Amino acid sequence: CKVYGIDKWVIDEYFGEVKLPFSNGILAKQWKQDRGEEIFFKTFLENIKQCPIQQKRMVEYIRGESHTTCGQFDDNSVSFIFIDANHTYD
């Protein structure tokens with residue numbers, strides 16, 4: 001069994017204006033400015049190290065967007081997909 005995490009792990013224009021619940025409501029863009037461009041990806045790597053499935057090396061990460069990285073998978077090779085997408089609305 002393999003679990004894939006696909007994300008850009010960046011704080012973009014939309015996400016920069018989100019208040020982060022784990023940092024006393026600071027805006028994401030300020031958190032990035034204080035801690036560096038790669039802070040989300042570094043945080044992901046630290047968090048996943050503590051996960052039992054990663055201790056068995058079951059998690060693989062792919063940096064990018066789902067619509068551009070989907071070509072890395074063969075047809076019918078994935079049993080389950082959960083997509084957590086951008087939540088902006090017009």
Side-chain angles (χ1 to χ4, degrees):
C1 177
K2 183 70 85 167
V3 175
Y4 294 92
I6 301 173
D7 200 302
K8 296 187 302 181
W9 283 286
V10 296
I11 298 173
D12 57 17
E13 297 163 9
Y14 160 74
F15 194 68
E17 300 302 320
V18 172
K19 290 183 180 179
L20 301 174
F22 54 83
S23 62
N24 296 323
I26 190 171
L27 289 178
K29 64 183 176 184
Q30 183 64 46
W31 194 63
K32 177 179 87 171
Q33 183 177 344
D34 293 347
R35 290 170 178 80
E37 186 70 34
E38 290 290 304
I39 188 59
F40 263 10
F41 187 60
K42 289 177 183 177
T43 301
F44 164 76
L45 292 176
E46 287 301 313
N47 288 339
I48 205 69
K49 278 184 200 175
Q50 300 171 37
C51 185
I53 64 171
Q54 183 55 10
Q55 293 168 2
K56 296 179 182 178
R57 306 232 183 256
M58 295 171 62
V59 177
E60 186 173 324
Y61 58 86
I62 300 171
R63 291 189 79 168
E65 296 179 344
S66 56
H67 70 279
T68 59
T69 59
C70 63
Q72 296 181 34
F73 298 93
D74 293 331
D75 290 347
N76 301 312
S77 67
V78 177
S79 298
F80 176 82
I81 293 179
F82 170 80
I83 299 175
D84 183 17
N86 187 325
H87 301 280
T88 56
Y89 302 98
D90 285 335

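Positions are given from 1, in the same order as the sequence printed here. Reckoned from all heavy atoms, side chains included, excluding hydrogens, waters and symmetry mates. Just so we're clear, the structure is a prediction, and the values are computed from it rather than from any experiment.
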Report task. Name all residues meeting the ring pair (Phe, Tyr, Trp, His ring centres under 6.0 Å) criterion together with Phe41; count only those two or more places apart in sequence or in a different chain, and write none if there are none. Result -> Trp9, Tyr61
Query raised in the report: If every non-hydrogen atom of Ile48 is compared with every non-hydrogen atom of Leu45, which pair is closest and at what distance?
Result: CG2-O, 3.3 Å
Query raised in the report: Nearest heavy-atom pair of Asp34 and Gln30: which atoms, and what distance?
Result: OD1-NE2, 2.7 Å
Requested in this report: Sequence neighbours left out, what passes side-chain contact (heavy atoms from CB on, under 4.5 Å) with Ser77? Give chain and number order.
Outcome: Phe73, Asp74
Query raised in the report: How long is the gap from CZ on Arg63 to CD1 on Ile6, to the nearest 0.5 Å?
Result: 13.5 Å
Report task. Identify, with sequence neighbours excluded, every residue that meets salt bridge (charged side-chain N to carboxylate O under 4.0 Å, His left out) alongside Lys2. Result -> Glu60
Query raised in the report: Can you list the residues that meet the side chain to side chain donor-acceptor pair (under 3.5 Å) rule with Gln72, with sequence neighbours excluded?
Result: none
Requested in this report: Output all residues satisfying side chain to side chain donor-acceptor pair (under 3.5 Å) with Asp75, sequence neighbours left out; order by chain, then residue number.
Outcome: none
Query raised in the report: Say you draw a straight line from OG1 of Thr43 to CD of Glu38; how long is it, rounded to the nearest 0.5 Å?
Result: 10.5 Å
Report summary line: Smallest heavy-atom separation, Gln50 atom then Glu46 atom, equals NE2-O, 3.5 Å
